[in-house]
> 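Got a structure here, written out as structure tokens. Questions coming.
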Amino acid sequence: MPLEEAMRTQRAIRRLKSDPVDDSLVLHLLELAMKAPTGSNAQNWEFIVVKDRAVVGKLARLNRAAINVFGPFYKRALEKRMDEKMLRIEKAVRWQADHFEEIPVIVVACLKGVIPPRPNLAVTSAYGSIYPAVQNLLLAARAAGLGAALITLPLWNTFAAKRALGLPWNVTPVAVVPLGWPKGKYGPTTRRPVGEFVSLDRYGNRAFR
């Protein structure tokens, strides 16, 4: 698949079939993920491929706990806006939570090393070393016809997530990517015109409208 096509049709796919995904395909996607640039070429990433149903269940419970707390507030905010499209997304998020145990593969992207809380430069540099790889993983999954989405709700309790995954103290989970064959279909994503988001030289100078 041409790279531009993958980028234009990539979307968060949350409704996944329970059909298995070959290990060889998952490893191929992760190999592509790790072709991404990383700060100082440190390659300080770790990826946990979760297939054990007991571990998936622990992540599922963490995910549902976060949704049960924050979900009602999110839904009410969307209902006030009368945003039907966003309400459909909320339903997909809820569906994923209700069927999390059925997802065949969960990939957890982690950073190895201490992530300092300060200064801000150190924090942003740390996350900048892993998220390009996560985006590579999402694009590679799209090109392979797999459904995927970047989520973080299962990590709301970092201690519990690390314990579920058997992570040492110096490895921090930063993103969760459920992988599987999609129940629905991909299609072109809809976005507002680029000129509405791009400023020239200073914020608010919408010179490219």
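Every heavy atom of this structure was used, including side-chain atoms; hydrogens, water molecules and symmetry mates were not.
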> Looking at every heavy atom in both Arg14 and Ile89, which two are closest together, and how far apart are they?
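The pair with the smallest heavy-atom distance is NH1-CG2, 4.0 Å.
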> Is the backbone N or O of Gly113 less than 3.5 Å from a side-chain atom of Asn170, with the two atoms forming a donor-acceptor pair by type?
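Checking the backbone N and O of Gly113 against the side chain of Asn170, no donor-acceptor pair under 3.5 Å is found.
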> For the residue pair Leu138 and Ala148, what are the closest heavy atoms and their distance?
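Minimum heavy-atom separation between Leu138 and Ala148: CD2-CB, 3.9 Å.
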> How far apart are the closest heavy atoms of Leu111 and Ala126, and which atoms are they?
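Closest approach of Leu111 to Ala126, heavy atoms only: CD1-O, 3.3 Å.
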> Could you check whether any side-chain heavy atom of Thr189 comes within less than 4.5 Å of a side-chain heavy atom of Arg8, counting everything from C-beta outward?
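No, too far: nothing below the 4.5 Å cut-off.
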> Atom CE of residue position Met1 - does it have more than 12 heavy atoms of other residues, nucleotides or ligands inside 6.0 Å?
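Enclosed: over 12 neighbouring heavy atoms sit under 6.0 Å from CE of Met1.
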> Could you state whether Leu25 and Leu137 fall into the same hydrophobic cluster, counting links through intermediate Ile, Leu, Val, Met, Phe, Trp or Tyr residues with side-chain heavy atoms under 4.5 angstrom apart?
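Leu25 clusters together with Leu137.
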> Side-chain contact, heavy-atom cut-off 4.5 Å: Gln10 with Gln135?
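The answer is yes, as the side chains (C-beta and beyond) meet within the 4.5 Å cut-off.
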> Are there more than 12 heavy atoms of other residues, nucleotides or ligands under 6.0 Å from atom NZ of Lys112?
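Open: at most 12 neighbouring heavy atoms sit under 6.0 Å from NZ of Lys112.
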> Verify side chain to side chain contact (heavy atoms under 4.5 Å, CB included) between Val56 and Glu102, making sure each step is shown before the conclusion.
CA-CA 9 Å; Val56 172; Glu102 301 166 20; over 6 Å; no
> Is the shortest side-chain N to carboxylate O distance from Glu101 to Arg64 below 4.0 Å?
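Yes.
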> Where is the tightest heavy-atom contact between Asn68 and Arg94, given as atom of each residue plus distance?
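Residues Asn68 and Arg94, closest heavy atoms: OD1-NH1, 3.4 Å.
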> State which residue, out of Val107, Val55, Leu167, fulfils the side chain to side chain contact (heavy atoms under 4.5 Å, CB included) condition with Ile48.
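When side chain to side chain contact (heavy atoms under 4.5 Å, CB included) is applied between Ile48 and each of Val107, Val55, Leu167, only Leu167 qualifies.
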> Kindly state each residue pair satisfying side chain to side chain donor-acceptor pair (under 3.5 Å) with at least one member in residues 143-160, sequence neighbours excluded.
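The answer is none; no pair qualifies.
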> Treat each ILVMFWY residue as a node, draw an edge where side-chain heavy atoms are under 4.5 Å apart, and state whether Val134 and Leu30 are in one component.
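Yes, it is one cluster - the side chains of Val134 and Leu30 are joined through contacts under 4.5 Å.
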> Shared ILVMFWY cluster between Leu165 and Ile151, side chains joined below 4.5 angstrom?
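Yes, same cluster.
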> Whether the Asn41 and Gln43 side chains hold a donor-acceptor pair (N or O, under 3.5 Å, no angle test) is what I'd like checked.
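Short answer, yes.
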> Do Trp45 and Leu29 land in one hydrophobic cluster if side-chain heavy atoms of ILVMFWY residues count as linked below 4.5 Å?
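Result: yes, single cluster for both.
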> I'd like to know if the side chain of Tyr127 reaches the main chain of Val174, judged simply by a donor and an acceptor atom lying under 3.5 Å from each other, with no hydrogens or angles considered.
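Absent.
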> With a 4.5 Å heavy-atom cut-off, do Lys183 and Trp95 have their side chains touching?
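A side-chain contact exists here, since the closest heavy-atom pair is under 4.5 Å.
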> If you define the side chain from C-beta out and look only at heavy atoms, does anything of Phe47 sit under 4.5 Å from Met34?
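Yes - at least one pair of side-chain heavy atoms lies under 4.5 Å apart.
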> Compare every heavy atom of Ser18 with every heavy atom of Pro104, then report the nearest pair and how far apart it is.
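Distance-wise, the nearest heavy atoms are CB-O, 4.1 Å.
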> Mind listing the closest non-hydrogen atom pair of Pro37 and Pro132 along with its distance?
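Scanning both residues completely, I find the closest heavy atoms to be O-CB, 4.0 Å.
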> Can you find a pair of side-chain heavy atoms, one from Val105 and one from Leu146, that are under 4.5 Å apart?
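Contact flag for Val105/Leu146 side chains = no.
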> More than 12 heavy atoms of other residues, nucleotides or ligands under 6.0 Å from CD of Glu4: is that the case?
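No.
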> Could you check if a side-chain atom of Leu155 sits within less than 4.5 angstrom of a side-chain atom of Val176, using non-hydrogen atoms only?
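They are in contact (side-chain heavy atoms under 4.5 Å apart), so the answer is yes.
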> Without hydrogens or angle criteria, can the side chains of Ser199 and Arg206 be said to hold a donor-acceptor pair below 3.5 Å?
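Side-chain D/A pair, Ser199 to Arg206: present.
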> Could you see if Ile106 belongs to whatever hydrophobic cluster contains Leu16? Use Ile, Leu, Val, Met, Phe, Trp, Tyr and a side-chain cutoff under 4.5 Å.
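Yes, same cluster.
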> Does the side chain of Lys91 reach to within under 4.5 Å of the side chain of Val93, using non-hydrogen atoms?
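No, their side chains stay 4.5 Å or more apart.
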> Measure from the side-chain N and O atoms of Ser129 to the backbone N and O of Thr38, and report whether any donor-acceptor pair falls under 3.5 Å.
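Looks like no, no N/O pair under 3.5 Å.
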> Can you find a heavy atom in the side chain of Pro178 that is under 4.5 Å from one in the side chain of Gln96?
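In contact.
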> Should side-chain heavy atoms under 4.5 Å link Ile, Leu, Val, Met, Phe, Trp and Tyr, which residues sit in the same cluster as Leu32?
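Result for Leu32 is none, singleton.
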> In this structure, are over 12 heavy atoms from other groups packed under 6.0 Å from Arg15 atom CZ?
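Yes, enclosed.
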> Take a 6.0 Å sphere around OH of Tyr131 and say whether it holds more than 12 heavy atoms from other residues, nucleotides or ligands.
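Correct, the count exceeds 12.
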> Evaluate the criterion side chain to side chain contact (heavy atoms under 4.5 Å, CB included) for residue pair Lys58 and Arg61; output intermediate values, then yes/no.
CA-CA 5 Å; Lys58 292 177 182 178; Arg61 288 190 288 276; 3.4 Å; yes
> Check for a donor-acceptor pair, side chain of His28 on one end and backbone N or O of Ser24 on the other, with a separation under 3.5 Å.
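No, because the side chain of His28 does not come within donor-acceptor range (under 3.5 Å) of the backbone of Ser24.
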> Would you indicate whether Phe159, at its atom CZ, is surrounded by more than 12 heavy atoms from other residues, nucleotides or ligands within a distance under 6.0 Å?
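No, because the 6.0 Å sphere around CZ of Phe159 holds 12 heavy atoms or fewer from other groups.
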